[in-house]
Amino acid sequence: MRKIIIAIDGYSSTGKSTVAKKLANALGYVYVDTGAMYRAVTLFALEKGFVSDSLDAKSLIEALPNVELKFRPNKKLGKSEMFLNGKNVEKEIRTMRVSEQVSQVSAVKEVREKLVELQQAMGLDKGIVMDGRDIGTVVFPEAELKIFMTASARTRAHRRYKELLERGDEVSFEQVLKNVEGRDFIDSTRTVSPLKPAKDAITFDNSDMGVEEQFERIHSYAQRVI
Ligand code: C5P
């Protein structure tokens with residue numbers, strides 16, 4: 001069976017990662033969550049004091065060579081976790097503090113260049129499911145299968161709100177909805193690699209679809225290509 005690259009892009013909290021992980025497991029592929037990489041750079045910028053009211057992009061760009069990102073497998077949990085300069089930051093990068101700043105950090109050209117290069121290196125041997133915003137358009141424009149997921153902003157905010165509450169974060173639904181809509185806006189209107197479906201992507205709205213149904217659909221598309 002030949003190995004392919006599967007690109008899963010879409011709006012925030014469309015459940016891309018859940019389906020992408022399941023798909024990677026079923027195919028014996030590597031799963032890469034590129035959002036985690038942008039989140040880790042954002043955490044770095046916050047820790048260094050480059051983000052307050054606005055982003056000090058110049059200082060962040062200068063410090064970028066000091067950012068080392070690694071995914072390391074956590075065998076117990078059966079998933080990979082993000083390490084920033086040797087420290088496990090998997091929990092911290094999912095907080096609202098990071099979510100509120102990540103889109104402006106992700107709009108910086110030099111940040112994207114660094115991360116796209118790392119992502120392309122991870123896909124050299126194919127056999128990879130990567131999720132993000134620009135995987136089918138910029139990172140792997142030649143990916144054999146491209147999926148673009150959408151859902152209504154309220155549905156996505158509800159999913160995210162539930163996740164954050166389960167994790168013990170104190171947030172309001174309105175705060176989460178505002179963040180989801182704000183990130184959609186910045187992500188899709190930025191000059192560098194804006195969020196949009198690739199011309200050859202299969203787009204679907206999963207507002208009324210469960211994980212299993214989404215998985216079955218994408219899995220059957222993948223079987224056709226493999
Ligand atoms: O996927 P997740 O919601 O964790 O991504 C967080 C943010 O990272 C997005 O809102 C977007 O600003 C940025 N991102 C990006 N390009 C990617 C993945 C994520 O710009 N490939």
Side-chain angles (χ1 to χ4, degrees), residues 5-21 31-46 51 55 57 60 67 69 71 79-82 84 89-123 128-141 143 146-151 153 155-164 167 169 171 176-198 201 206:
I5 293 180
I6 303 177
I8 304 191
D9 289 303
Y11 290 92
S12 308
S13 307
T14 34
K16 300 184 292 296
S17 63
T18 311
V19 178
K21 249 180 255 167
Y31 163 64
V32 179
D33 167 10
T34 62
M37 301 169 78
Y38 288 93
R39 287 175 177 274
V41 176
T42 305
L43 180 62
F44 174 84
L46 282 161
V51 191
L55 171 69
L60 174 61
V67 177
L69 303 177
F71 285 107
K79 61 170 200 164
S80 278
E81 294 182 318
M82 174 49 72
L84 165 66
V89 292
E90 186 58 33
K91 275 218 180 89
E92 256 177 297
I93 59 171
R94 313 281 168 193
T95 55
M96 277 304 281
R97 178 175 169 242
V98 170
S99 297
E100 277 168 0
Q101 307 299 340
V102 66
S103 285
Q104 56 168 338
V105 169
S106 308
V108 177
K109 181 166 86 41
E110 289 78 357
V111 170
R112 305 204 69 81
E113 283 167 357
K114 178 177 171 114
L115 299 197
V116 167
E117 201 182 313
L118 290 171
Q119 291 152 10
Q120 287 173 336
M122 292 180 208
I128 195 166
V129 182
M130 193 173 273
D131 82 39
R133 305 292 188 287
D134 60 342
I135 312 306
T137 51
V138 176
V139 182
F140 295 121
K146 299 179 187 175
I147 305 290
F148 190 88
M149 311 228 290
T150 67
T155 305
R156 290 183 285 123
H158 268 296
R159 290 177 185 156
R160 185 102 192 105
Y161 179 57
K162 218 175 127 228
E163 261 173 43
L164 289 165
R167 219 173 284 162
D169 286 13
V171 283
V176 177
L177 179 62
K178 204 169 147 227
N179 177 253
V180 162
E181 290 176 334
R183 280 200 286 143
D184 287 354
F185 178 75
I186 303 177
D187 292 348
S188 49
T189 55
R190 68 185 173 214
T191 355
V192 202
S193 317
L195 166 66
K196 61 172 183 200
N206 66 14

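Atoms within a ligand are numbered from 1 in the order they appear, just like the ligands themselves. Side chains are part of it too, since the values below use all heavy atoms of this structure and drop only hydrogens, waters and symmetry mates.
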Determine whether Val98 and Tyr38 make a side-chain contact, defined as any pair of heavy atoms from C-beta on separated by less than 4.5 Å. no

Quick one: are Thr14 and Val19 in side-chain contact, heavy atoms under 4.5 Å?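 The answer is no; the side chains never approach within 4.5 Å.
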
Check whether any N or O atom of Asp134, backbone or side chain, sits under 3.5 Å from an N or O atom of ligand 1, and answer yes or no.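 Right, the criterion is met.
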
Looking at ligand 1, does any of its N/O atoms fall within less than 3.5 Å of an N/O of Asp33?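 It does not: no N or O of Asp33 is found under 3.5 Å from an N or O of ligand 1.
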
So how far is it from [X] [atom1] to [Y] [atom2], rounded to the nearest 0.5 Å?
{"X": "Lys196", "Y": "Asp134", "atom1": "NZ", "atom2": "CG", "answer": "11.0 Å"}
{"X": "Leu69", "Y": "Leu84", "atom1": "CG", "atom2": "CG", "answer": "6.5 Å"}
{"X": "Ile135", "Y": "Thr34", "atom1": "CD1", "atom2": "OG1", "answer": "4.0 Å"}
{"X": "Glu90", "Y": "Glu92", "atom1": "CD", "atom2": "CD", "answer": "11.0 Å"}

Tell me: protein heavy atom nearest [atom], and distance?
{"atom": "atom 16 (N) of ligand 1", "value": "Arg112 NH2, 3.0 Å"}
{"atom": "atom 18 (C) of ligand 1", "value": "Thr34 OG1, 3.3 Å"}
{"atom": "atom 10 (O) of ligand 1", "value": "Asp187 OD2, 2.8 Å"}
{"atom": "atom 4 (O) of ligand 1", "value": "Arg39 NE, 2.7 Å"}
{"atom": "atom 13 (C) of ligand 1", "value": "Ser106 OG, 3.2 Å"}

Which of the atoms in ligand 1, numbered in the order shown and given with their element, are less than 4.0 Å from a heavy-atom of Ser103?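 So the atoms of ligand 1 that pass are 10 (O), 12 (O).
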
Answer side chain, backbone, both or neither: which part of Arg190 comes under 4.0 Å from ligand 1, heavy atoms only.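 Contact part for Arg190 vs ligand 1: side chain (C-beta onward).
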
Give the contacting part of Arg183 toward ligand 1: side chain, backbone, both or neither, where contact means a heavy-atom distance below 4.0 Å.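 Within the 4.0 Å criterion, Arg183 contacts ligand 1 through side-chain atoms alone.
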
May I ask which of Met37, Gln119, Arg94, Arg133 has a heavy atom nearer to atom 9 (C) of ligand 1 than the others do?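 Comparing heavy atoms across Met37, Gln119, Arg94, Arg133, the nearest one to atom 9 (C) of ligand 1 lies in Arg133.
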
Can you name the one residue among Val176, Leu177, Asp184 that meets side chain to side chain contact (heavy atoms under 4.5 Å, CB included) with Arg156? Asp184

Let me know which of Lys16, Lys21, Arg94 forms a salt bridge (Lys or Arg N to Asp or Glu O under 4.0 Å) with Asp33.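 Answer after filtering Lys16, Lys21, Arg94: Arg94.
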
